[in-house]
Amino acid sequence: MQVQKVDHHELFEQIYNQAPIGIALVSPTGQWMKVNPAFCCMLGFTSEELIHLSYQDITHPDDTPKDTVYACELFEGMSKEHKYEKRYIKKNGDVLWISLHVSLARDEVTEEPLYFICHIVDITDRKLSEQKLLHSEEMFKLISDNAQEIIYIANFNGVCRFCSPSVQNLLGYSQEDVIGQNNNAYFHPQDLERISQMDLSTGNLLNIRVRHKDGHYLWFETTYKIIGDAEHEQQILSIGRDVSERKKHEEISAEAERIAMIGSWEWDMVNDQLAISDQIFEIFELERTRKPYRASDVFNVMTPADAASLREQIGWVKQGEPLDFEYKHIRSDGSEKYLHLRGLITLDEHQQPVQLNGTLQDITERKLIEFKLQESVERYTSLKKYNHDAIISFNMDGNIMNANPVAVNMTGCPVSEMIGTSISRFIGASNLGLILRSNYEMAEKEINSIRHTNGSETEVLATLAPIIINKNNVGFYLIAKDITEQKKLLVAKETAERMNKAKSEFLAMMSHEIRTPMNGVIGMTDLLLDTPGLSGEQKEYIEIIQKSGDSLLAIINDILDFSKIESGKTDLVDDPFDLGEIVTETVQIVKPLVREKKLDIRLSLDDGIPTPLYGDAYRLKQVLTNIIGNAVKFTSEGGVEIEVGVKEQCGNNVQLYFKVKDTGIGIPVEKRQQLFEPFYQLENFMTRTPQGTGLGLAISKKLVELMQGDIWIEESDEPGTTFIFTASFKLNNSEESNRFDRLQKKSRAASLRILIAEDNEVNQLVLSRMIEKKGHFVDHVADGVEAVEAVKRNAYDIVFMDVHMPRLDGFEATKAIKELLNPEECPYIIAVTANAVRGDMDRCLKAGMDAYVSKPIKSESIMQVMETYYIKKQINS
């Protein structure tokens, strides 16, 4: 395709003629050589007219020097171009503001100047706007510089953009102190809070307090307005004048009127015109109008009854009586005011009333005080009359002034016979002497009875209260409380406490007396079962002895457990444990009976159960043993299903549910609630002989509640019984869980050196054999003194310390060892006691012992406390 040749000269000519800006060529001498139509249009000249004019002919005289300077710089090569603003004179004489871009064209060979190239843009409109703005700014500055008010502009964050110089005279701050600063701190906090709740967009008039530089506040009456539009930053323009003096006078005047609460009025009775003061306008909520008020206007704001009474009063006033009228006025908002009208009549020469002048006083406060006084008198009278205690008032001489009905019943003497007689007849002369000598505290302690006229006495708790009138003590009130019934209750309470203490001591004694021999029986049975060479018959007999001992121990433990739980002395521990292990161990306990009865037992554990959990694993196992054991015990065929799952998990806590379902004989609905009551057994309808104490489920219910759970029997039409209980436990973070796992896996192979402090030889032998069988070295002593000496001589890992020993008991021996050795050298002291009653464990731990086992001691108990020793040792290391 052939490209058409462009005529550049024609193209540039078109651009030159059609350009929207002025383009002109000027000779070095200043003559116009060529101008385009746009430039001619700007000036109103034709191109022919401009050609006959020079550069300077149309330039504003004030801008000619500037043109000369720039032209010289272009001629001399000091600059290649110039851009500046100047003024032309149009043909009609108007001034044209233009933006001029000028450069000098030179000959390419000789470098001689040829012509100036000018580009002209009309900026007249912009210049006019700038001049108007400048004029406005000059006017604003003139006004702000000379204004007596403060002119202040700030943004919505409180930062000042402008402040007039008057701030110096009015508030002591310079403009530099406030402009550019957040000045909210200068405003009174109450006013600032009020402004923050206002809608400032509507503009308004408000009074605010502003802090002077020297610290005091001045009142300013301020008008404000939002300036600017939403697309740009809006600001607040405010103009404030100092009205502090006016405020002060207004407050003084208002305070005077408020204090006096009196308004004046004048009634022209001939023309029925009423002139009233401002205070009365306020009281009656009347509008201030030029129209004169009449007497009927006042009557209209009164109740009909009060208006009728006032008219009657005015009738007497016309006959010469002064006006003195009190009444209650109800305002439009429902509030009540009590008013007092006073007035004097003026008569003419014919003795006819012509004018009534007077005052109207607000007596609300006085009336309220009178009402309160009346109310106080009535309350005082009611308090005395209906008080359950005897109240007798007497003067400073001890003579009775009054008494209430209870005092009359307590003394058997009517008030009329009491008045004027000495109170000593009822409280004794010595006690009255203490009162008159101002020994009030001693008198209150000594007055412990009031005498009856028949010679009997009522035991009382006495209180003396002075009677103060006008800051003077004019007498006393004797307030006597009959404590006969309270003393009976106190005696009963003390008796119950003594009986409860005796019961605890008896349980402790019985526990010690029973557990000590049982320790030998059960301990030796454990050891005997481990001896080799037993025949089948011998092993069977020993196992029977062991089961009988365990049954007897279970009965003792149930009774003692229930005693502890009932007294509120059971505290749960918060140790880590594996729930799966606990449930599995419980199932293993009942496995022999399950096999014997040929039952199926199924266990389902939710995979979502966290490990480890933190709580009391021993108590949880006790509840599970009770529930699962009962299910197996009362099921003759079929089986037992155990289900454990997560009910709810929140934060660091998890609540689990435990469901135990059997196919046994079931429990009647009417018997279910009684199952959880202590000492209750179901032998009435079960074909079995009674077993146990009937405390198992009662203890389980109490323990479940301690674990923030609940226990119940599920309603079902299927055979058997379903027990469900819930319990809450704490969770642990992964680091602690890993530490728990590591501690569980630590080796227990190292042999320990152990001291047994036990005065009973049988128990000493049983405990020694159990420990030696585990590969540890054992020493034993018979009392606390020998235990302390042994620890001095040898380094022991563990000391099994019997609590009750001769010469020095376990508590004192532990204290001596703790004081003797440093904590790093001190052995792990395990308390051994036959007292498994409430508070016994706490007492051992408070004495400094590290762990606790109760008799009779079994191998698993010993291993459990030794396992705790290993864990704590590894933690400390």
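Throughout, numbering of the chain's residues begins at 1 and tracks the sequence.
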Side-chain contact test, heavy atoms from C-beta onward, threshold under 4.5 Å: evaluate it for Arg311 versus Phe299 and give yes or no.
yes
Could you pull out all residues at least two apart from Glu705 that satisfy side chain to side chain contact (heavy atoms under 4.5 Å, CB included)?
Lys701, Lys702
Are any of the side-chain heavy atoms of Leu274 and Val298 separated by less than 4.5 Å?
yes
Contacts of type side chain to side chain donor-acceptor pair (under 3.5 Å), residue Thr303, not counting sequence neighbours:
Asp306
According to salt bridge (charged side-chain N to carboxylate O under 4.0 Å, His left out), who are the partners of Glu336, at least two apart in sequence or on a separate chain?
Lys328
Applying side chain to side chain donor-acceptor pair (under 3.5 Å) to Ser456 and not counting sequence neighbours gives Asn454
Could I get the full list of salt bridge (charged side-chain N to carboxylate O under 4.0 Å, His left out) partners for Lys730, not counting sequence neighbours?
Asp574
Is any side-chain heavy atom of Asp616 closer than 4.5 Å to a side-chain heavy atom of Met707?
no
Can you tell if the side chain of Thr722 reaches within under 4.5 Å of the side chain of Ile713, non-hydrogen atoms only?
no
Suppose we screen for side chain to side chain contact (heavy atoms under 4.5 Å, CB included). Which residues come up paired with Ser335, at least two apart in sequence or across chains?
Arg331, Asp333
Side chain to side chain donor-acceptor pair (under 3.5 Å) filter on His340, not counting sequence neighbours, yields Asp324, Arg342
State which residues pass side chain to side chain contact (heavy atoms under 4.5 Å, CB included) with Pro466; sequence neighbours excluded, sorted by chain then number.
Ile468, Asn473, Phe476
Qualifying ring-ring contact (aromatic ring centres under 6.0 Å, His included) pairs, either residue in residues 305-335, two or more places apart
Phe284-His329, Phe325-Tyr327
Just wondering, do Thr726 and Leu656 contact through their side chains at under 4.5 Å, heavy atoms?
no
I'd like to check the side chain to side chain donor-acceptor pair (under 3.5 Å) partners of Ser449; sequence neighbours left out, ordered by chain and number.
Glu457
Residues two or more places apart in sequence or in another chain: which of them pass side chain to side chain contact (heavy atoms under 4.5 Å, CB included) with Asp191?
His188, Arg194, Ile208, Arg209
Which atom pairs, donor and acceptor, lie under 3.5 Å between side-chain atoms of residues 427-446 and protein residues at least two apart or in another chain?
unit_1 : atom_1 : unit_2 : atom_2 : d
Asn431 : ND2    : Ile427 : O      : 2.7
Glu444 : OE2    : Leu464 : N      : 2.8

